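Inspection log for the structure reproduced underneath, given as structure tokens.
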Amino acid sequence: MPIYEFECLECDGQFQSLIMKRGEMDGLTCPGCGGQNLKRLISRVAYHVSEQDRLNTFDPTTPKGDSFYGDSRNIGLQAKKRAQQMGVDLGKGFEDKLEKLRTDPGSVIKDSD
Ligand SMILES: [Zn+2]
């Protein structure tokens, strides 16, 4: 269930609201001043990002910091992106290996002995 954060343009107040369905946002008013001039703060919403989305937005040319590599879901993304760009299908075996690498790095090192 997405919790959206809003900023009231009338009083600069910020508040959160649980939006269950489209359209519910239309009748929303600021709890501080009752104003309806609201701006949704999109960046604060924790969207679920799919693997495909990650891949699509992943730019291999920008330098990645520790936080990028600290996220295990990003492991192997560079290899997949390259493969996608070259039109190479890495196959199910690669996916399996990647999944292992992300969840249990020790087992992969053992396997490749
Ligand atoms: Zn307000």
Side-chain angles (χ1 to χ4, degrees):
M1 215 68 77
I3 294 173
Y4 292 100
E5 199 155 343
F6 296 89
E7 184 181 295
C8 173
L9 299 177
E10 319 258 341
C11 71
D12 285 336
Q14 289 186 2
F15 65 98
Q16 294 178 336
S17 185
L18 185 69
I19 304 295
M20 315 280 259
K21 53 181 184 286
R22 242 176 247 273
E24 224 172 341
M25 228 169 324
D26 297 339
L28 218 60
T29 54
C30 168
C33 71
Q36 291 187 300
N37 205 356
L38 308 171
K39 188 175 82 177
R40 204 173 90 196
L41 302 175
I42 297 169
S43 59
R44 301 284 191 87
V45 182
Y47 284 109
H48 173 75
V49 182
S50 74
E51 173 91 0
Q52 196 57 48
D53 286 343
R54 275 178 184 275
L55 205 53
N56 289 340
T57 56
F58 176 71
D59 181 0
T61 59
T62 48
K64 304 293 183 293
D66 286 347
S67 67
F68 177 82
Y69 290 109
D71 187 341
S72 67
R73 290 169 302 184
N74 287 326
I75 294 174
L77 215 54
Q78 183 133 8
K80 284 181 81 169
K81 186 76 178 187
R82 274 189 71 92
Q84 189 188 50
Q85 283 169 339
M86 295 185 297
V88 175
D89 184 6
L90 293 170
K92 185 82 176 75
F94 181 82
E95 288 285 344
D96 288 348
K97 194 145 193 165
L98 204 56
E99 191 54 37
K100 265 188 166 177
L101 195 65
R102 289 172 178 180
T103 54
D104 185 10
S107 74
V108 176
I109 294 161
K110 238 180 293 156
D111 281 358
S112 49
D113 268 348

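Indexing begins at 1, ligand by ligand and atom by atom, following the structure's order. What you see is a predicted model; the values in this text were computed from it and never measured.
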Heavy-atom pair with the smallest gap, counting every atom of Q36 and L28: CG-O, 4.0 Å
Straight-line distance of T29 OG1 to F15 CZ, nearest 0.5 Å: 7.0 Å
Any residue meeting ring-ring contact (aromatic ring centres under 6.0 Å, His included) with F58, in chain and number order, not counting sequence neighbours: F68
Side-chain touch N56/Q84, heavy atoms, less than 4.5 angstrom: yes
For E10 against G35, the heavy-atom pair lying closest together: CG-CA, 4.0 Å
Non-hydrogen atoms of F94 and A79 that approach each other most closely: CZ-CB, 3.9 Å
Residue-atom pairs from the protein, N, O or S only, that lie under 2.8 Å from the Zn ion (ligand 1): C8 SG, C11 SG, C30 SG, C33 SG
